[in-house]
2 protein chains.
Amino acid sequence: MTTDLDRIDRRILAILQVDGRIAAVDLAERIGLSPTTTGERLRRLQKEGYVTGFAARVDPQRVGLGLLVFVEVLLDKTTPDVFDRFAAAIRRAPEVLECHMVAGGFDYLVKTRVADMAAYRRFLGDVLLSLPGVRETRTYAVMEEVKNDGPLPL
Amino acid sequence: MTTDLDRIDRRILAILQVDGRIAAVDLAERIGLSPTTTGERLRRLQKEGYVTGFAARVDPQRVGLGLLVFVEVLLDKTTPDVFDRFAAAIRRAPEVLECHMVAGGFDYLVKTRVADMAAYRRFLGDVLLSLPGVRETRTYAVMEEVKNDGPLPL
DNA sequence: GGGGCTGCCGTAGAAAATCCGGCCAAACAC
DNA sequence: GTGTTTGGCCGGATTTTCTACGGCAGCCCC
């Protein structure tokens, strides 16, 4: 159930992660099948949930979001719904690209993109620190993006 | 130069980040222009580097990569090329989805996806800890993905 | 007003995706 | 062994989508 994918399916997924808009004709040629069969496989991969959608890669620098920042967040564990309220607020915040609850030294790891330090300062004060239950935050500004959106290994 | 985008361009980018394979006809209808003009704008956005490509979203669970892990890495600052060698090795490692050099308490933040804890243990030993100059690592396993691939706010 | 420029549009030919029917080989029942 | 079924694959026809081209309207500068 977790993996009834054959070699061809995996190659299709690998290629589509790099070039999500490749024509079925070209994809077919690269995997050695006919365009028809390739289309059938792709449609099946979508229907069965392996491919959940397609997205354009937008250059953050070009649209004025030059600063990438990670924030570690610690919450007060007083009331049980603090986590839910925090998660709900994070989902509403457009500056937040990712947020994960982790096991270890802190509670949430937040990935955010903003224009510059001034914008981050505003985000920190207006959004993060104004949320109820936030006890402590640690900010790590990214100086160099070594690897950014690597494909899933298949 | 950083932002000569009008309101329509921003809407196009916002839509394409959510549905990268939308037909120009449908995109045109949503932004209130003709398909031709919409196509011209999209091509311009690609040529000028705002859109750098397209990618399929693949469900990690479905392809057997159920465990998301962040790792903080500290390096020995003995020789000046330690950072370069680390970065080069990371770029070659398929398990690593992201890696950023940060300012603060550690040097690199690594985002990796693996099948399970046993696979992560292998990655940590065979890849990360076997790299020259790695002095310390701190592992944070993700328990819940609150937000995963949020679009850039436009 | 004239000329050039920009952004927009409609049409038409090219390309791509999709639908449909048929082929072939492996699996299976008897 | 033989007939049947099933699943994966393919080619051709239809429909949809993309794209190249020409035209139109507003704007600016001279």
Side-chain angles (χ1 to χ4, degrees), chain A residues 1-65 149 151-154, chain B residues 1-65 149 151-154:
Chain A
M1 173 119 308
T2 166
T3 223
D4 42 2
L5 295 174
D6 62 12
R7 191 168 308 268
I8 296 180
D9 286 329
R10 290 176 187 280
R11 283 196 64 194
I12 292 178
L13 293 178
I15 292 173
L16 283 177
Q17 282 188 93
V18 177
D19 182 2
R21 261 198 165 182
I22 186 174
V25 194
D26 303 328
L27 181 58
E29 189 173 358
R30 288 182 59 179
I31 63 175
L33 286 178
S34 77
T36 304
T37 308
T38 306
E40 285 172 2
R41 280 189 181 251
L42 173 53
R43 197 171 16 251
R44 178 175 52 81
L45 289 171
Q46 292 187 252
K47 185 165 64 70
E48 294 180 356
Y50 294 97
V51 174
T52 60
F54 295 88
R57 266 189 286 266
V58 175
D59 185 347
Q61 305 281 345
R62 276 329 227 120
V63 295
L65 296 171
D149 200 13
L152 300 179
L154 300 170
Chain B
M1 175 117 306
T2 166
T3 223
D4 42 4
L5 295 173
D6 61 12
R7 189 170 310 267
I8 297 179
D9 286 329
R10 292 176 186 281
R11 282 195 66 194
I12 292 178
L13 292 178
I15 293 173
L16 283 178
Q17 282 188 92
V18 178
D19 182 2
R21 260 198 166 183
I22 186 174
V25 193
D26 304 327
L27 181 57
E29 189 172 358
R30 288 181 59 179
I31 63 176
L33 287 179
S34 79
T36 304
T37 308
T38 306
E40 285 172 2
R41 280 188 181 253
L42 172 54
R43 196 170 19 248
R44 178 175 53 80
L45 289 171
Q46 292 187 251
K47 185 166 64 72
E48 294 180 357
Y50 294 97
V51 174
T52 59
F54 296 87
R57 267 189 286 265
V58 175
D59 185 346
Q61 305 280 345
R62 266 349 216 112
V63 295
L65 296 171
D149 201 15
L152 300 180
L154 299 169

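If you're wondering where the values come from, they're calculated on a predicted model, not measured in any experiment. In what follows, chains carry the letters A, B, and so on, assigned in the order in which the sequence lines appear, proteins first and then strands, with residues in each chain numbered from 1.
Along DNA chain D, the nucleotide closest to R21(B) and the one closest to T37(A) are compared, and the more 5′ of them pairs with T37(A).
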Got a list of side-chain donor-acceptor pairs under 3.5 Å for residues 24-33 of chain A, not counting sequence neighbours?
none

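Among the atoms of the strands shown, none is found under 4.0 Å from any heavy atom of R44(B).
With a cutoff of under 4.0 Å to any heavy atom of chain A, the contacted region of DNA chain D is bounded 5' to 3' by dC9(D) to dG12(D). The outermost nucleotides of DNA chain C lying under 4.0 Å from heavy atoms of chain B, listed 5' to 3', are dC8(C) to dT11(C).
Here the shortest heavy-atom pairing between V51(B) and A56(A) reads CG1-CB, 4.2 Å. Across all non-hydrogen atoms, the minimal contact from L16(B) to R21(A) is CD2-NH2, 4.4 Å. The two residues A14(B) and L154(B) have their closest heavy-atom pair at N-CD1, 3.8 Å.
Inter-residue side-chain proximity for L42(B) and T38(B) is flagged as unmet; no heavy-atom pair is nearer than 4.5 Å. The closest side-chain heavy-atom distance from L65(B) to P153(A) is below 4.5 Å.
Applying the salt bridge (charged side-chain N to carboxylate O under 4.0 Å, His left out) definition to pairs two or more places apart or across chains, those involving residues 48-57 of chain A are R44(A)-E48(A).
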Starting from the C-alpha separation in whole Å, work towards a yes-or-no answer on side-chain contact (heavy atoms from CB on, under 4.5 Å) for L45(A) and R62(B). CA-CA 10 Å; L45(A) 289 171; R62(B) 266 349 216 112; over 6 Å; no

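Proximity of a side-chain donor or acceptor of Q17(B) to a complementary backbone N or O of L152(B) within less than 3.5 Å is detected.
Shown here are the side chain to side chain donor-acceptor pair (under 3.5 Å) partners of S34(A), two or more places apart in sequence or in another chain: T37(A).
The stretch residues 22-34 of chain B touches DNA chain D through A23(B), A24(B), V25(B), each having a heavy atom within less than 4.0 Å of the strand.
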